S.K.: 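For reference, the structure I am asking about is given below.
These numbers were taken from a predicted model, which means no experiment stands behind them. Below, chain A is the first sequence line, B the second, and so on; all start at residue 1.
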Amino acid sequence: MNRFIGFIKKEFYHIFRDRRSLFILFGMPIAQILLFGFAITNEINNVDIAIFDHSKDATTKEIINKISASKYFSIKQMVTHEADIASVFEKGHVKAVLNFEKDFSKNLIKDHKATVQIITDATDPNTANTISNYVNAILQQYQKELNKDITIAYQIVPETRMVYNPELKSVFMFVPGVMTIILMLVSAMMTSISITREKELGTMEILLVSPLKPIQVIIGKVFPYIFLSIINAIVIVVLSIFIFNMPVQGSMLLLALESVLFIISALALGILISTISATQQTAMMISLMGLMLPVILLSGFIFPISSMPLPLQLISNIIPAKWFIIIIKGIMLKGVGIEFIWKETLILVGMTVFFIALSVRKYKIRLE
Amino acid sequence: MSITIQHISKSFKDVVALKDVSFEVKEGELFGLIGPDGAGKTTLFRILTTLLIANEGTATVAGFDVINDYKSIRNSVGYMPGKFSLYQDLTIEENLIFFATIFGTTIEKNYDLIKDIYIQIEPFKNRRAGKLSGGMKQKLALCCALIHKPKVLFLDEPTTGVDPVSRKEFWDMLKRLQKKGITILVSTPYMDEAELCDRIAFIQDGKILEIDTPEAIVKHYPKPMYNIRSNNMYQLINSLKAYEHQHSVYPFGEFVHYTDNRLDFNPKELMLYLESKNLSEISIQITQPTIEDTFMELAK
Amino acid sequence: MSTNKVIQVDGLTKMFGDFTAVNAITFDVKKGEIFGFLGANGAGKTTAMKMLIGISNPTSGKANVAGFDVFTNAEDIKKNIGYMSQKFALYDDLTVKENITFFGGIYGLSRSKIKEKSNALIEDLGLETVANQLVGSLPLGWKQKISFSVALLHDPKIVFLDEPTGGVDPITRRQFWEMIYKAANQGTTVFVTTHYMDEAEYCDRVSIMVNGKIEALDTPKNLKTQFKAANMNDVFLKLARG
């Protein structure tokens, strides 16, 4: 046991003395969260929009005035033909078109209900989402004023239609994604680098020619990174809660346990990488190309898996990150308990066990 | 016997690193494996320290088989790989403590063994290994290899890249360790270090050329050796190489070491030949062959 | 400046902050001389050599290499010297021929000149069979011989060798020194830094640096007499231990 503690102590020396890596280790999650957080901003200003007013009556004029008076929108042009809607988008002049139905006022008075369609350019999904929220807010405000002294409420029904990217995902999607990337990076890349560094230095030879058991070396290597990864996960969650008001609906304990599970599977991958690479450089390349890219591209973090071609959808199934993202999305955003994510958890457990077994098997007690 | 090696061969893909190597090292012996880079020294060390498995042959270290009893060997040998494998970001003291703990011991327990060496680097014990000079790294690496009181010590090129002063001190330390009963197998590319060993094995291209004591190896040299000097070294070498009776011509510092292939060689004749080549200040004197001469003769 | 002195150094000093790495060294090297520049690790040899080959600026003192001042004409120095180090000499992932062509190219040799030189070099070293093999696959001794020849490709006035023959087998080492003798005989000055004392014995003159200063400078023979030593190793030990 003494041997083991001595080993872990040494690992912590390495970590804390390498100021640059340490800075990256803890700076990265913060930078990433802030970057993603502010890039996906909720503020909009003077967004150019177009209006297609079929009705051209007093009510629509009033609504248009209200919209135009707000600092959020500026009306760039009035569209007169249905067919022109597509072309204003294509020319890139406007981000959204408001389409008031025919006889808007009349409908509102007669049926107490009128419809306005909000068409947004969802190639920039976050802006699109925000625009529709703001328009909704203005409409609601107007509705309230209208209903002040009326017994039967008038109702304006906004119909949101997003073009070009109908499957808009939640704004908060980035937090689970970033968390997955960071945990993967810290766990897999850092472990594989720290093991290959010993190979490069030649100290691995001495460790092998010592009574230390392979399992002691492996656990000694991964232990510090479990610890660091957990700290990172906490930093990410705390940041997202306090800076971006991201709700964590589900159980914190479950979130923590699932994170540890994912960390362990990433660490096992890191060990696996170190067994097949001789230098730190190769380890880093394999980690980046072999782990990071799939995590970013195929896990559903950025591109929805459901819209991928079938072969890629199938491949995405063997990526642990995919399952982890589903799990933490469930916990953080939907607030579900283990009863809804047990299947994904089980898959992740299976993968982890497989990776650990494989890496222990692959870990060589000799050189070569 | 502390180390026995029988018919060991090892290849990496199509490169033969060791070819039918056999020798024995007695208990308490200081045994030198002498040969240039790429001769197979490191491969042999790795087989003996259980890091590699030979394609053919068997070997034992401290009575244990290198394959079946590898765990026992790992507990009872000290190994100092080439290029002083230390943790650069750990201090002298931390490196030593680390290696002591993984071998399940403490510095205090075996301090008497490393004391002589450790005292020299102790004033710098809080300095990181990466900031040490070659000689200090070498001493620290030796301390780390000794900290668990091994029965057999494997030192792979411990003096490469180290200046002469540190080299000298290092060999003095090895002699003292030997007196404490530790068997030492050391490899080196420096021929001048060979004579400091009890016995040596010449190795080149994976083959053992000769095994004996340094004195005996030199005595086996088959021909009388001559030191030749003149006013122009380059022309002297060319002239000697062009001489029809030459057996070997090697520059040796300010001299050329020359052997002749005739039994009745007369230096005067050679003198006349060299003079005919417009060389002056010629001197030809008989000398003792060195270990390096012997190596070159065997490797020829 | 006397034409037969290709390196003239006078009071050359290099400071790193408070630390004096090279402390007012003074020496000359003659044309065609094999000059050994000795010292323990950290004695300041590398720093001194970097100043001479024009890649490090001296703090004070004077130095003239191949007819150019190290302060003002460092770029001209680089064109007139060859350099070979044990740590890096050739690209392992290029063939022998490609290496020669590359190094000929960076020294501005014409295409036809490179071809001519490269053929001569390959023939001289007997490399015909391996000319198109990757350098990485060749034995260390061959690499060193090739890189020495490559350092001489542009007919430099001086060739600087940084610990050239460590770890090579004794026969190859001698072949290497024969090449050095040949170059010196043809008028190229050879400047060798080393801490291998047996290499020092081959030099015409050697200087020994201790703690940034040149503590001894003479022929190996005179140094051995002066220090009453059997070989250069003993000379070095006596000097280094004070």
Side-chain angles (χ1 to χ4, degrees), chain B residues 15 34-39 41 82 132-138 157 159-169 188-193 202-205 209 229 232-238 240-241 248-257 290-300, chain C residues 32 34 38-43 45 86-87 137-141 143-144 163 165-186 194-204 208 210 219-221 224 231-242:
Chain B
V15 182
I34 319 285
D37 284 6
K41 304 191 295 289
L132 299 176
S133 71
M136 273 158 71
K137 277 187 192 164
Q138 177 202 40
E157 298 208 8
T159 53
T160 298
V162 172
D163 64 67
V165 179
S166 302
R167 273 171 65 187
K168 172 110 188 8
E169 286 171 356
T188 176
Y190 302 119
M191 301 288 155
D192 55 342
E193 290 180 346
F202 282 153
I203 183 167
Q204 177 148 324
D205 298 330
L209 303 174
R229 184 159 61 180
N232 185 319
M233 180 59 109
Y234 179 60
Q235 260 139 43
L236 177 64
I237 294 168
N238 283 346
L240 286 172
K241 284 200 164 170
S248 68
V249 178
Y250 292 118
F252 251 84
E254 51 187 313
F255 299 102
V256 173
H257 276 192
T290 64
I291 287 182
E292 200 162 359
D293 287 307
T294 321
F295 186 93
M296 288 191 287
E297 183 63 26
L298 289 164
K300 219 172 166 183
Chain C
I34 302 172
L38 277 53
N41 296 328
K45 330 188 274 298
Q86 195 196 345
K87 288 169 208 107
S137 67
L138 301 178
L140 179 69
K143 284 190 213 170
Q144 289 182 335
E163 291 177 8
T165 65
V168 190
D169 71 87
I171 295 179
T172 311
R173 170 185 289 239
R174 275 165 182 85
Q175 290 165 347
F176 190 84
W177 273 97
E178 283 166 24
M179 290 172 68
I180 292 180
Y181 285 135
K182 185 178 172 191
N185 201 55
Q186 287 164 351
T194 183
H195 57 230
Y196 303 126
M197 289 308 124
D198 49 343
E199 241 159 39
E201 310 257 358
Y202 295 93
C203 301
D204 293 327
I208 301 179
V210 181
T219 64
K221 199 177 158 203
K224 282 186 265 185
N231 52 41
M232 283 305 293
N233 205 41
D234 292 346
V235 172
F236 192 89
L237 291 180
K238 284 189 178 167
L239 252 180
R241 285 180 173 170

S.K.: Got a sec, which residues hit ring-ring contact (aromatic ring centres under 6.0 Å, His included) with C:Phe236, two or more places apart in sequence or on another chain?
M.R.: none
S.K.: Go through B:Lys300, B:Arg167, B:Glu292 and name the one with the most non-hydrogen pairs under 4.5 angstrom from chain C.
M.R.: B:Glu292
S.K.: Measure distances from B:Glu157 to the heavy atoms of chain C and classify the residue's part below 4.5 Å as side chain, backbone, both or neither.
M.R.: neither
S.K.: Side chain from CB out, backbone as N, CA, C, O: work out which of these in B:Phe295 comes under 4.5 Å of a heavy atom of chain C, or both, or neither.
M.R.: side chain
S.K.: Can you list the residues that meet the ring-ring contact (aromatic ring centres under 6.0 Å, His included) rule with C:Tyr181, with sequence neighbours excluded?
M.R.: none
S.K.: By a 4.5 Å heavy-atom criterion (distance strictly below it), what part of B:Phe252 contacts chain C: side chain, backbone, both, or neither?
M.R.: both
S.K.: Less than 4.5 Å apart, any side-chain heavy atom of C:Arg173 and any of B:Tyr250?
M.R.: no
S.K.: When you compare the side chains of B:Ser166 and B:Gln138, does any donor N or O come within less than 3.5 Å of an acceptor on the partner?
M.R.: no
S.K.: Heavy-atom pairs under 4.5 Å with chain C - which of B:Val15, B:Thr188, B:Val162 has more of them than the others?
M.R.: B:Val162
S.K.: C:Met197, C:Met232, C:Lys182: which one forms the most heavy-atom pairs within less than 4.5 Å of chain B?
M.R.: C:Lys182
S.K.: At a 4.5 Å cut-off on heavy atoms, which part of B:Met191 comes close to chain C: side chain, backbone, both, or neither?
M.R.: side chain
S.K.: Let me know if B:Asn238 has heavy atoms under 4.5 Å from chain C in its side chain, its backbone, both or neither.
M.R.: neither
S.K.: Strictly below 4.0 Å, N to O, side chains only: are C:Lys45 and B:Asp163 in salt-bridge contact?
M.R.: no
S.K.: Can any side-chain N or O of B:Lys41 pair as donor or acceptor with the backbone N or O of B:Pro36 at less than 3.5 Å?
M.R.: yes
